Amino acid sequence: MNLRCFSFIPFLLILTFTSHVSANYKHSNYRSFTNQFLIPQNIARVAVGQQPLVWDDKLMHYAQWYANQRRDDCVLEHSNGPYGENIFWGSGFGWNPAQAVSAWVDEKQYYNYGQNSCVDGEMCGHYTQIVWGSTTKVGCASVVCSDNKGTFMTCNYDPPGNYYGERPY
């Protein structure tokens with residue numbers, strides 16, 4: 001009987017260790033995923049004198065809920081929810097969060113702060129949402145769409161920005 005208990009204890013230790021390693025691995029992947037969204041947005045904010053955004057799990061869950069709605073069609077359509085929102089679509093596979101954020105931040109070149117407007121024919125609202133001064137929190141998500149339709153990503157911001165006639169900062 002003692003031999004059985006002895007044999008059982010190492011099994012529990014291995015099981016406990018494996019669960020701990022697995023949980024740390026999942027946590028590490030989660031941090032990497034969130035940082036790919038968060039760090040480049042915060043670099044853009046700090047460059048214009050704004051406080052960094054903090055990651056918000058409630059916003060992330062909302063973003064994931066909405067990204068899941070786009071899984072079948074990958075359509076670039078806003079959720080029209082209560083938050084500010086940036087959306088991204090990339091054809092094929094292999095898109096990562098940093099690439100989506102880079103596309104949004106690259107719109108800075110089309111934003112004219114003096115006139116508080118975008119260059120004619122160009123978009124800059126993704127960028128202005130990222131640097132919106134009163135926005136403090138962000139949560140993002142990504143899905144690979146069915147039937148090889150690509151990758152859809154979204155970030156949600158609270159409080160929202162991009163109010164007509166107001167400057168982002």
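Not measured: the values here are computed from a predicted model. What you see below is based on every heavy atom in this structure, not just the backbone, and it leaves out hydrogens, waters and symmetry mates.
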Which atom names give the shortest non-hydrogen contact between [X] and [Y], and what distance separates them?
X      : Y      : value
Asn116 : Pro168 : OD1-CD, 3.6 Å
Pro160 : Ser134 : O-OG, 4.3 Å
Cys118 : Gly125 : SG-N, 4.3 Å
Phe88  : Ala100 : CG-CB, 3.6 Å

Going by heavy atoms in the side chains, are [X] and [Y] under 4.5 Å from each other?
X      : Y      : answer
Tyr111 : Thr128 : yes
Val143 : Thr151 : no
Thr154 : Cys140 : no
Val101 : Val105 : yes

Same hydrophobic cluster for [X] and [Y], using side-chain heavy-atom links shorter than 4.5 Å among ILVMFWY?
X      : Y      : answer
Tyr169 : Val138 : yes
Met153 : Phe33  : yes
Ile43  : Leu38  : no
Tyr113 : Trp104 : yes

To the nearest 0.5 angstrom, please state how far the [atom1] atom of [X] sits from the [atom2] atom of [Y].
X      : Y      : atom1 : atom2 : value
Gln41  : His126 : CD    : NE2   : 11.5 Å
Lys149 : Cys74  : NZ    : SG    : 8.0 Å
Cys124 : Gln109 : SG    : CD    : 10.5 Å
Leu76  : Ile87  : CG    : CD1   : 4.5 Å
Phe37  : Trp55  : CZ    : CH2   : 6.0 Å
Ile130 : Leu53  : CD1   : CG    : 8.5 Å

With distance as the sole test, does [X] use its side chain to make a donor-acceptor pair with the main-chain N or O of [Y] at under 3.5 Å?
X      : Y      : answer
Glu122 : Val119 : no
Arg45  : Gln50  : no
Asn112 : Gln115 : yes

Are Arg71 and Phe152 in a cation-pi contact, defined as NZ or CZ under 6.0 Å from the six-membered ring centre and within 45° of the axis?
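No cation-pi geometry.
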Could you check whether Gln129 and Thr135, counting side-chain N and O atoms only, form a donor-acceptor pair closer than 3.5 Å?
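Indeed, the side chains of Thr135 and Gln129 share at least one donor-acceptor pair under 3.5 Å.
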Do Lys58 and Asp56 meet the salt-bridge criterion of a basic N to acidic O distance under 4.0 Å?
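Looking at Asp56 and Lys58, the cut-off is not met.
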Is the distance between the ring centroids of Tyr127 and Tyr110 less than 6.0 Å?
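Ring centroids of Tyr127 and Tyr110 are no less than 6.0 Å from each other.
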Taking everything shown except Glu166 itself, do over 12 heavy atoms lie less than 6.0 Å from its CD?
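More than 12 heavy atoms, drawn from other residues, nucleotides or ligands, come within 6.0 Å of this atom.
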With sequence neighbours excluded, give me every side-chain hydrogen bond (donor to acceptor under 3.5 Å, both in side chains) pair touching residues 73-87.
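Applying side-chain hydrogen bond (donor to acceptor under 3.5 Å, both in side chains) to every pair that reaches into residues 73-87, excluding sequence neighbours, yields Tyr62-Ser79, Arg70-Asp73, His78-Glu85, Ser79-Glu85, Glu85-Asn156, Asn86-Tyr157.
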